[in-house]
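In this chain, numbering begins with 1 at the start of the sequence shown. Here the structure is a predicted model, which means the values were calculated and not measured.
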Amino acid sequence: MPRSQFISKFAAMTELNEYECELLDAVLEAFGIPDSLTRLQLLELFDQDEATAFAMVQILLREELIAEYGKHGDYELPERLILKPKGEKFLKHGGFTKRHKLEKEKPVEVGGTLAKLQQQNMRLQNLKLSAESQVNGLQKTISKLQTLQYLWWALIVVALIIGYWLGHPHKK
């Protein structure tokens, strides 16, 4: 394994805590016999928290353990996620939890500054992805509320017209 790839993997692992590693392993374990998860199944795993699900999926995609399938549409998550053979093998060998424990046991290498910068970069990228997901969700909510506001204005105008029409007698 080339040194730069090792440092990248090291940086990616040190940014994850034990809980996140267990969560990622749980997602990998949730892939059933067809080796796929739908958007709804994934959201169910994360109690409908799309931002967290999106962040975890991005980590699995970055590690090339899963693949996306289908259209995203109005969602951050694709219709379906497919477990790659690499992901299945990774899970059989202990997954993120085992890798996290092994990384914690290793002594700190020389060149830690580069690793720290890469770790911070990955953490910031994950925060950015999470923030973008939240912004998209808020934009969708704003759009829905604007549509609802227009609907209320239209109903008020119709009510005023009907009130005016009923309040003034019509000549026949």
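Using a 4.5 Å heavy-atom threshold, the side chains of Arg62 and Ile59 count as touching. Residues His93 and Arg99 are not in side-chain contact: their nearest non-hydrogen atoms beyond the backbone lie 4.5 Å or more apart. Side-chain contact check for Glu68 versus Leu81: some heavy-atom pair is nearer than 4.5 Å. No side-chain heavy atom of Lys98 sits under 4.5 Å from any side-chain heavy atom of Lys101.
No side-chain donor-acceptor contact under 3.5 Å links Asp47 to the backbone of Asp49. No donor-acceptor distance shorter than 3.5 angstrom exists from the side chain of Arg80 to the backbone of Tyr69, with no hydrogens or angles considered. With Thr147 contributing its side chain and Ser143 its backbone, the two residues share a donor-acceptor pair below 3.5 Å. Of the possible donor and acceptor atoms, none in the side chain of Gln120 sits under 3.5 Å from a partner among the backbone N and O of Leu117.
Atoms CD1 and CD, from Ile142 and Gln139 in turn, are 7.0 Å apart once rounded to the nearest 0.5 Å. Between the CD atom in Glu22 and the NE2 atom in His100 there is a gap of 9.0 Å [rounded to 0.5 Å]. For the atom pair CG of Leu23 and CD of Glu20, the computed distance is 8.0 Å after rounding to the nearest 0.5 Å. Atom CG of Leu77 sits about 4.5 Å away from atom CD of Glu50, to the nearest 0.5 Å. With values rounded to the nearest 0.5 angstrom, Ile156 atom CD1 is found 10.0 Å from Leu151 atom CG. Note that the CD atom of Gln118 and the CG atom of Asn121 stand 8.0 Å from one another [nearest 0.5 Å].
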Listing, residues 25-35 side-chain donor-acceptor contacts under 3.5 Å, not counting sequence neighbours, or none:
residue, atom, partner, partner atom, Å
Asp25, OD1, Phe96, N, 2.7
Asp25, OD2, Phe96, N, 3.4
Asp25, OD2, Thr97, N, 2.9
Asp25, OD2, Thr97, OG1, 2.6

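Cluster membership check: Tyr19 shares its hydrophobic cluster with Leu24, using side-chain heavy-atom separations under 4.5 Å among Ile, Leu, Val, Met, Phe, Trp and Tyr. Linking Ile, Leu, Val, Met, Phe, Trp and Tyr residues whenever their side-chain heavy atoms come within less than 4.5 Å leaves Ile82 and Leu37 in two separate clusters. Hydrophobic clustering of Ile, Leu, Val, Met, Phe, Trp and Tyr side chains at less than 4.5 Å, counting indirect connections, keeps Trp153 apart from Tyr164.
The neighbour count for Glu44 CD, taken as heavy atoms of other residues, nucleotides or ligands under 6.0 Å away, does not exceed 12.
Heavy-atom minimum distance, Lys84 versus Glu64: CD-O, 3.4 Å. Closest heavy-atom contact between Ala51 and Ser130: CB-OG, 4.4 Å. Closest approach of Leu65 to Leu83, counting heavy atoms only: O-CD1, 3.7 Å. Closest non-hydrogen pair, Ala67 versus Leu61, comes out as CA-CD2, 4.2 Å.
Partners of Glu18 according to the salt bridge (Lys or Arg N to Asp or Glu O under 4.0 Å) rule, which considers only residues two or more places apart in sequence or in another chain, do not exist here.
Val135 belongs to no hydrophobic cluster with other residues, because no ILVMFWY side-chain heavy atom falls under 4.5 Å from its own, directly or through intermediates.
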One pair to check against side chain to side chain contact (heavy atoms under 4.5 Å, CB included): Leu129 and Glu132. What are the steps and the verdict? CA-CA 5 Å; Leu129 289 171; Glu132 286 173 351; 3.9 Å; yes

